[in-house]
Amino acid sequence: PVVTMEITLPATATPDSTICAGEAITLRVLTPDVGTLYTKWYANNVEQPQWENRMEIVNVTPDETTDYRVEVSNGNCTATPLEQRVKVLGVPDPSISITKGSQTMCEGEQLILKAVSPQQPGFEYQWLSSTASDDIKDSTSQSLTVYPTAITTYSYVITDPTTGCVRVGQIEINVNKKPNVRLVDGNNNLAKDTLICGGETVTFRVDGDLTNLTFEWYKDDKMELEMSSRYTDMPAVDAKYYVIVTDTITGCKTAIGELG
């Protein structure tokens, strides 16, 4: 068969087929022949079985200078192998791992992200957040500690100031809201320090959207038996009350109270 090999490079590639690490290329076999053709692809002399019998390979992202070769046959004859080199300017891997927290968490919880590759001299590093209100301290370190309050994409940007090559690692963090509730007294007023006489009762109630919520009431840090959204007590002495409200779907909690 009569074949040619074409490599489509990114617009930033130089005339000698030099690209930055992480940029995508497309490998393609061109031929005027019709009928079934069989291909074997190689990268640096290592066969790539996942590409076998494919005429086009898209989104190939070499991390190092690579010689690509393809052997094409029609079942009877094999064309002269075609080979082309793509030069790659190295930039460290910007992949991100989670060392504390998870990709789905509750608002305000601590999240610690860490770049997988150690930082190397000669490169510039920066953490970015898609949430403008994020307070990012020490944005150039290998790890990042944040307390996300909304769905946020965190980016780790590595730049080679000499070549201009840039690689970006990203991770999206999904954030569930804590229960949006407040504590009110028996008169539906926002609960605050309450003064009663001995022998009188005091009532507190969780107010808001109570769908899928559970309640744990505490008096002076001791858990009470009451599990509903309303709590009534007759304290003999000063006491502090609070309730932990949990969303049974997301597991997110909020504590309101510490009243006396």
Measure across [X] and [Y] and return the closest heavy-atom pair with its distance rounded to 0.1 Å.
X: Tyr147; Y: Gly108; value: CD2-O, 3.4 Å
X: Asp134; Y: Tyr154; value: OD2-OH, 2.7 Å
X: Asp209; Y: Thr211; value: OD1-OG1, 2.8 Å
X: Val91; Y: Ala21; value: N-CB, 3.7 Å
X: Gln142; Y: Ser117; value: NE2-O, 3.4 Å
X: Thr140; Y: Tyr125; value: CG2-O, 3.3 Å

Audit row: Arg85, Ser17, side-chain contact (heavy atoms from CB on, under 4.5 Å) steps and yes/no: CA-CA 8 Å; Arg85 171 171 291 185; Ser17 299; over 6 Å; no
Using only atom types and a distance under 3.5 Å, with no angle test, would you say the side chain of [X] pairs donor to acceptor with the backbone of [Y]?
X: Asp220; Y: Lys240; value: yes
X: Glu226; Y: Ser228; value: yes
X: Thr61; Y: Glu23; value: no
X: Arg69; Y: Tyr42; value: no
X: Ser130; Y: Thr153; value: yes
X: Thr66; Y: Glu64; value: yes
X: Thr250; Y: Cys252; value: yes
X: Thr159; Y: Pro161; value: no
X: Thr201; Y: Met234; value: no
X: Ser141; Y: Ser143; value: yes

Rounded distance (nearest 0.5 Å) linking atom [atom1] of [X] with atom [atom2] of [Y]:
X: Cys106; Y: Leu111; atom1: SG; atom2: CG; value: 12.5 Å
X: Glu200; Y: Asp233; atom1: CD; atom2: CG; value: 13.0 Å
X: Leu113; Y: Thr145; atom1: CG; atom2: OG1; value: 8.0 Å
X: Thr248; Y: Asn212; atom1: OG1; atom2: CG; value: 4.5 Å
X: Lys114; Y: Lys100; atom1: NZ; atom2: NZ; value: 15.0 Å
X: Leu27; Y: Asn59; atom1: CG; atom2: CG; value: 10.5 Å

Heavy-atom neighbours of Lys219 NZ exceed 12 at 6.0 Å: yes
Within 6.0 Å of CZ in Arg54, more than 12 heavy atoms from elsewhere: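 It does: Arg54 CZ has more than 12 such atoms within range.
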side-chain contact (heavy atoms from CB on, under 4.5 Å) between Leu183 and Arg205, intermediate numbers included: CA-CA 6 Å; Leu183 197 63; Arg205 181 176 61 84; over 6 Å; no
Does [X] reach the side chain of [Y], with side-chain heavy atoms less than 4.5 Å apart?
X: Met105; Y: Pro148; result: yes
X: Asp221; Y: Tyr242; result: yes
X: Thr8; Y: Ile25; result: no
X: Cys20; Y: Val166; result: no
X: Tyr218; Y: Ile244; result: yes
X: Ile136; Y: Leu144; result: yes
X: Val157; Y: Leu128; result: yes
X: Ile19; Y: Lys87; result: no

Would [X] end up clustered with [Y] when hydrophobic side chains under 4.5 Å apart are linked, directly or stepwise?
X: Trp51; Y: Leu82; value: yes
X: Ile98; Y: Tyr156; value: yes
X: Trp41; Y: Leu9; value: yes
X: Val70; Y: Met55; value: yes
X: Leu89; Y: Ile158; value: no

By salt bridge (charged side-chain N to carboxylate O under 4.0 Å, His left out) - contacts of Glu47 (at least two apart): none
Verdict with supporting geometry, Arg28 and Glu56, salt bridge (Lys or Arg N to Asp or Glu O under 4.0 Å): CA-CA 4 Å; Arg28 187 180 294 110; Glu56 182 179 75; 2.6 Å; yes
Using distance only, find each side-chain donor-acceptor pair of residues 168-182 under 3.5 Å and give its atom names and separation, not counting sequence neighbours.
residue : atom : partner : partner atom : Å
Gln170  : NE2  : Ser155  : OG           : 3.0
Lys177  : NZ   : Thr149  : O            : 2.9
Arg182  : NE   : Asp207  : OD2          : 3.0

Centroid-centroid distance, Tyr231 to Tyr241, less than 6.0 Å: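 Yes.
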Test side-chain contact (heavy atoms from CB on, under 4.5 Å) applied to Trp217 and Phe204, step by step: CA-CA 10 Å; Trp217 291 92; Phe204 300 114; 3.9 Å; yes
Donor-acceptor pair between Lys253 and Thr246 side chains, under 3.5 angstrom: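 Side chains of Lys253 and Thr246: pair found under 3.5 Å.
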CA sep, side-chain torsions, deciding dist, call: Thr152, Ser129, side-chain hydrogen bond (donor to acceptor under 3.5 Å, both in side chains): CA-CA 7 Å; Thr152 302; Ser129 169; 4.9 Å; no
Full working for side-chain contact (heavy atoms from CB on, under 4.5 Å) between Val206 and Val243: CA-CA 8 Å; Val206 179; Val243 57; 3.9 Å; yes
